[in-house]
Every structure is written in structure tokens, then in C-alpha cells.
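The structure appears below as C-alpha cells.
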Amino acid sequence: MGKGYYISKHLATAAMVLAAIALVTIIALSVVYNREKSKNAAKFTNATTSPVPPTPKTSNEPWDKYRLPDTLSPEYYNVTLWPRLVKNVNGMYIFTGISGVMFTCVKKTDLILIHSNKLNLTLFKGHHAKLTGQSGVTAPAIKTTWFQTEKQYLVIQLEGKLKPGKSYWLYTEFTGELADDLEGFYRSEYMEDGEKKIIAITQMQATYARKAFPCFDEPGMKAVFHITLIHDLETTALSNSQEIRFSGPFEIVGFNFTVYENYLFGLSKVRIWARKKAIEDGQGDYALKITQPILEFFEKYYNTSYPLSKSDQIALPDFNSGAMENWGLVTYRETALLYDPRTSANGNKQRIATVVSHELAHMWFGNLVTLKWWNDLWLNEGFASYVEYLGADYAEPNWNMKDQTILYDLQRAFAVDSLTSSHPLSRKKEEVNTPSEISEMFSTISYSKGAAVLKMLSEFLTEPVFAKGLGNYLKQFAFGSSVHSDLWDHLQKAVDQTPGVKLPYSVHEIMNRWILQMGFPVITIDTRTGNVSQKHFLLEPDYVVKHHHCNITFPDPLKTLLISLTKHQVQDQLWLLQKSALHKPMKVSKDEWVLANLHVSGYFRVNYDLGNWERLLSQLESDHQVIPVVNRAQILDDAFNLARASIINITLALRTTKYLLHEREYIPWEAALRNLNYFFQLFDRSEVYGAMQAYLKKQVKPLFEYFGIISSNWTTVASGHTDQFTQIIALSLACSTGVEGCRELTRSWFKKWMQNPHNNTIHPNLRSTVYCDAIAAGGTEEWNFGWQMFQKATVAAEAVKLRSALACTKVPWLLNRYLEYTMNPEKIRKQDATSTIGYIASNIIGQPLAWDFVRANWDYFFKLYGTGSFTFSRLISDVTYRFCTPFELSQLKRFQKDNAETGFGSGTQALQQAIEKTTAKIKWLAENKEPVLQWFLSESP
């Protein structure tokens, strides 16, 4: 076990580059240099480029395709990089480098294509590279070199052919800009003790390694790397592997990484790196505490040793993703790694546990074995999203983490996968080519549906069989690449070797139905006859389904619980392999009910005949604890979504919330709130809103009073992990619905803080609710105070709470000014701009302002985030989330038309989904608004 580290003045990190998934991370933290040192780099700064030959618009040439040809295979890179952390004479931050790559010719060719983007390459006798043969082989002369800028290639045409089976060495020298664009090798700045510090860091996933040095930038092209970083003597270098240091006028640090078939080292170092003050304040202690146990858990789970000699994790002030699984040196946003018990909430702590577990899971699944192409991204991200809960559960066994997958994976996936604009987990290779198409794969489907489907697979195989197959898979493909069928092969072998595990079909046949077609089924059980049937579940079935193969039957492993009024329990399992089947145990008397998908292990929704629904509702109201906690959440979520799809009556769904008067568990309450929040978005501009508020006030009041009692009138927080989340729900919903005494509490707490800014006594768990409620009720004074506290915040989690709360104001000019701040990195960091706009859009007053703002500045946001940022699609979803009128739909379609030339990049699918969702809402409101209003009126006090 290690300890937290910081460097007193500067911290620089260089990371070994893994071409398999562009796992390059080179990080340098430094105070701005006192003087320019570029005079020592004359060799590098004379780089020039030649004119780029025009390329025909329609061409079948290899350089006009996004995929590399299969003619070359990289074996070894030797890369030297030198980041400059002061501006050069042109006022730019730059880095320089040299790169050599040894590759083997697979097929005879006179063409070399290698990725290079925004790099200024040095000319050698008029060419951008040098080519030599290896082991006595003579390389053909270079005929010409040029750049294909759209496809981001350096094109090297040769006088003769490369010979199959022979190896060659390609050498380049280059200069690049350390821009502040959050992509590739980029620059970030922050203030510490009144001094500006510079960070040079990389984020290479998915297509940005080519922005750091010329490389074969595809995930299947794994290679061995040797990285050398030249840096100032007062800086320190970190890497994915152990460093080798050489001192001189500058320090030169080499990072050797050699891949052998049995390359398994014992773990010797676990370290957390961050800003000096963060480490001094102990903010890295929690992540440090859980890292070793999680690594040990995964070693046992995978039955494969941790393949590196150390594990470094570093928190960064500017990072566009939540985290990045660079092998041996994982990079994080500060909110995903740093925890301060004085200011961080319980939810912040849980997020750190799950994100750290997710990234460490990738050390095996994603790094040791890598996907061959991005169309199978779910194989990496879905798997890590599933096992992150297993690792977190091992580190925090009292948190009941495994049950929370229903909220954070299953139900999240359902929301997207019930749209016709969804897509299969594994897409065709030809559908995923451009950088934007690749970025779109980093979606809820790849992460959450992937996790939910793998959880279902592990359930019907049993976890030991599942883990055994995984271990064998990892051993066979270690340091290589694979496709999803390779995993099915090894899971099938594990099944065949395990007596007692019986499947109706092979693992291939079962799982390909789930990953090669979009969507999921709704299972309908008629307890009067015992008939069980399935059909593809869509929120708007009238929409044309683009993927014709989605009508294939899903093989459903259906676990059920049958309970009579005498509490007699019978568990049953059924494989539903056809559109419908008769299953006698499903036929029950009027004194019994059936609950399907026990413990919510299957990826499908469940519907029943009306009589069984009535008996389940009766059970919830009489003794809800007879039904497992996760199934109570399932009943709520299934009912509301079945009603949205017009499969059951909306009043039946609303009745599932009546029992909440007695509910004290977090997961059912959270599931209910998510569905009711959807109603808030639909009705908060109509007469339904008042009646809905009155009903919810009645439902949440007992929960608010309950926590008032156990917390000594809100002076403490609940002791249980998930109870603390329920307490937050109680306070938030009670205040928003006007429960007596709630707003007086929150506003008095905030006022007390304003009177003594240096002593914030509001509990971290409750701060988000308190800040938002107080700023919403206040005016300029409260907003300005919140802004000042945001600017002074030294803990990232606290800054996020304040940044979100500032969007709660009801003052339009403050919201407009806040929107403008998102275009000023001095006020709102670029990594936070899109989420800040989303916060403002969640405010009923801010939503139209945010929508107008995004439309007016579309070119700016698209240029900055549109082609590669994983958060860009969320921006479109956030600003259109409330849309539910024909006028708003027409605006959305007009927006699509007006910006067709600029495009929507990685937000293309999000825009299609927004149009589909808005269309469905308009239809649903026309049919259901009046009955919803009447039901709330009848149930209100």
C-alpha cells in the first residue's frame, strides 16, 4: 500500500502509449517557466510542411477511407516527447517530438498510411518521414508524402513495394500545439496559492493519439512502446510503467514497456497523485484505501494477476471524460477521485468507489485484452460497468451496491433502448468509421445496456461459471485483441465443463439475440390462463423501426415468484423461447399473485393481466416488504413506462405510488422520483402541476417527518449508506412540494452560512438541495454569494454542488449571464460548460434561455465539442428534455434543418432521439393529460 504524492512546485507525467485503445497519457504539471527554454530545442522547432495535394471528392483510394488498410502491422514504437510549459516567441504553448515505429509488412504494398493530426512534421529531403529496412532488408525509396487532412493521414507513397514478412522502420520529427481543447495532448491551467500553474495532459480515446505523434491509431493495432519524456529538472515524470531517469540540463525519463506472453509482475506500488493542497488535505486517502482491495478482488475474480508493477491514479483539474483507464496510470476528473469528508457528500464517496472500480476493471478487460474495433465497444465498457459494482461491493460490503445496478444501468438503458432510434450493442463495422461515429458509441447503450445484459448472462450461467469463462478468455487473448464471439466461445467451454448448467441453446445463439438486435421485450403474463408472451417494447410503436431484425424473438430467462395470501412462496424459472408459451405455474387463483423477473436479473419489462396487477398493488399497500426492494422499484418503473407506451392505463401506473406513504427504502423512492420527474417536465407549465404537487406533498410528508425524528430535527444524518440517499430525497421533495417547515430549514441554514462564509455547517449530503432551494428563493445577493463560494472552492465536489445550484435561480438575467459564462473558460472550465448549460435547462425558466443560447452559438459548441466529446450528445438531450408541444417539435426540426451543413457530429443520434421523444410526448399528452389531472385531483387532500 502506498501513500499520496505531490510535487512541491511542479508535477509532470509522461505516459507510455498503448495504441490498442490510444491509451497515451503524458501529464506535466508545472508553475509557468521563468524563461523560454526553446533555444535548447533548435532541432525540433524548424519543422515545416509541404502543400497538400487535392483529393477528389469521390474516391476509392485507401487514403480516402477512415479505416487503415490491412497491409501493415506495427510491432514497436520509440517515441520522445518534450512539452514546453511556457509560451514560445509566437505566443503558443507547444511540444516537440521524434517517433520511430517498426512495422511488419503483411501484404505487398507501395503505400504507407499512418495517422497524424495537427502535427507539423519536419521535412527530410522534401519528405515528411524517413524509411529504412530492418535485419538487412533494403527499404524502397520514398516517392512523395502528403497529408489527407479529412481522414487525418500522413500518406507516404513509395518507389517500390514493401515485402510481406519483412520489417521496416519509419522515423518522424514533429511539433504540435498544447492547446486548451481537451483533446489529444492539451493544456490546462489552474491557480494555487495565487500562482498560475500549467498542466499538459493527454486524452487519446478514441481518435486522438494521432494528435500526440504519428501512429497507427486503431484499437486492434497493439504494439510495444518505449516512451521518453524530456522535462525540466524541477518536474517529476510518471508513466504507465516504471521510469528510468537520466539527468542533465533537463531530466530525460524513459518508460520501457515490453509485452511478453507471461508478463505478470507482482504489485509493488499504489499511489494517488493530485494538486499539492488536495493531497495535503487528505483528499486522496479514500481512493488510496479502496484501490488495493479492488485490485485484489479483480485478480481473484479474473483468476489473472494484475499485469503491471504499479498502479498510479491521478486527479486532474481539467478532464473531459470522467476518467480514462490508461494502463497503470489512470486519469480522473477530480470529482471522480478526490474525497474530503468535510465537504464531500455520501454520493461523492460512492461515485469514487464505482469509478475507481470501473477503471481498475479495465486493467484486464480493455487493456490486457482489447477490442478489435469500436463497433464492439460495449465489450469493454459494458463489462466494466457491470463489474464496477462487484468491485465496489467488495471494498464497501455494507453499501448493498449490487442492488443499485437496477437504477444506474438497467433503468437507464431501458429509457434509451425503448426508442426506435436505439441501436444494437454490437454494430456492423461499416456503421462505425468516422471519429463522430466512434464517439457516438460511448453511449448509454454501450455502458448501461452492456452491463445489464452481462448481468443477466452471469445470472443464468451462475457467477462461478461466468467468472471461469472470463478467466480463460483473458489468458488466451492476453496482450491481444478480440471480438465478442471470442468471449462466447470461452463461456460456452465453461458451461460444457460444469455439470448441472443446462441452457436451451448455445451461449452464441442466446447472446447474439441480445447484442445484434436493438431493443428488449416486454413479457406479458396472463395469470388467468398461464399464457406467457413477449413482444418488442417501444415507447412509440408507430415509429418506423430502422433495424428490421429487431423483431427476432428474445430468449428470455424468466425467474418468477408466486405467493399466495397465506404467504406460501414458490420460485420458478422459465425460458421463453417463442413469441408465447403456456406455463401452468403462471395460472393462479384469485388469492395468489405472480411477480416475474425476481431480483430483476433479466433485461426486459413485465406486464400482467389486470387482476394480477390489482393483487400486486394490494400487497404493496398492505405489506410492501413481502416484495423484494428491487422488485418494488421494478414495479414502479415498469408500470409508468408501460403506461407511456399505452399498454396499461396511466391511472394504474399512478396507483403504484400510493404505497410510498410507507416506503423508507432508497431504491424504490429513486425509481418513483425518476418517473415522477418526467411528469414534472411534462406538466409544470399546465394546470396539472398544482394537483400533482398537492398529491406528492401528501406522499412525502411521512418520509420527511420520519427523517426529522431519526435525525434529531435534521441536525444529523442517517447512519445507513442508502438511508442517507433517502434522507436527501425526503428533504428535496418536501421542499419542492411545500411541506411545512422544510423551506424554513434550508433557507435558514443558507442564511447562516452567508452570515459566516468561513463556517459552513450545512451537512455535505444536504448541500445540493439547500443551495438550490435558497438560491431559487433568493435574488442577486444569494446568487452572487454562491458564485463567490464557487470561485473559492478548493474541493471539486463542493464546486460542482455550487455550480449546479447557481442554475436554480428564477432571475432570467442571472441565468442569461450564467449561460454566457460557459463560453469563458476563466469562469467555467471547458470540461464543465455543457453540463452547466444542462443544469440551467433543467430550470423551467432557464430551459428556453438555454435552448436559444445553444442555437445561437451552435457553431462554437460544435467546433469545440461536436466531433469527439462524449458529453456533446448530453447537451442536446438536456436542452430539449422538456419539449412536449407541436411548436417545440417544429423548432427542433427547424434546428435540424438549419444546421444540417454544420452537422451534429457525436450528437446526431441524440437529436434523432429528441425528435422521437418529443413526438411521443405530444401524442401521449393528448390522450392522457385529462385522466392524469382528474386522478391527482381525486387523490389530493
Assess the pair W924 and F679: is the distance between their ring centroids shorter than 6.0 Å?
->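 So the answer is yes for these two rings.
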Test of understanding: with ring pair (Phe, Tyr, Trp, His ring centres under 6.0 Å), list the residues that count as partners of [X], not counting sequence neighbours.
X: W373; value: none
X: Y302; value: F298, W364
X: H624; value: Y659
X: Y666; value: F725

Pairs meeting criterion salt bridge (charged side-chain N to carboxylate O under 4.0 Å, His left out) with involvement of residues 606-620, two or more places apart |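 Found E614-R655.
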In chain order, what residues pass the salt bridge (charged side-chain N to carboxylate O under 4.0 Å, His left out) check against [X], with sequence neighbours excluded?
X: R664; answer: none
X: D376; answer: none
X: R605; answer: D637, D638
X: D526; answer: R528

Which atom names give the shortest non-hydrogen contact between G602 and L410, and what distance separates them?
->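 Looking at all heavy atoms of both residues, the shortest contact is O-CD1, 4.0 Å.
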Which residues satisfy the side-chain hydrogen bond (donor to acceptor under 3.5 Å, both in side chains) test with W935, sequence neighbours excluded?
->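 Applying side-chain hydrogen bond (donor to acceptor under 3.5 Å, both in side chains) to W935 gives none.
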Which word best sums up how the rings of [X] and [Y] line up, parallel for under 30°, tilted for 30 to 60°, or perpendicular for over 60°?
X: W374; Y: F442; answer: tilted
X: F414; Y: Y603; answer: tilted
X: W378; Y: H484; answer: tilted

With sequence neighbours left out, what residues match Q909 under side-chain contact (heavy atoms from CB on, under 4.5 Å)?
->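 For Q909, the residues satisfying side-chain contact (heavy atoms from CB on, under 4.5 Å) (neighbours in sequence not counted) are H423, R427, E440, Q912, Q913.
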Contacts of type side-chain contact (heavy atoms from CB on, under 4.5 Å), residue A384, not counting sequence neighbours =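 Applying side-chain contact (heavy atoms from CB on, under 4.5 Å) to A384 gives H358, A361, H362.
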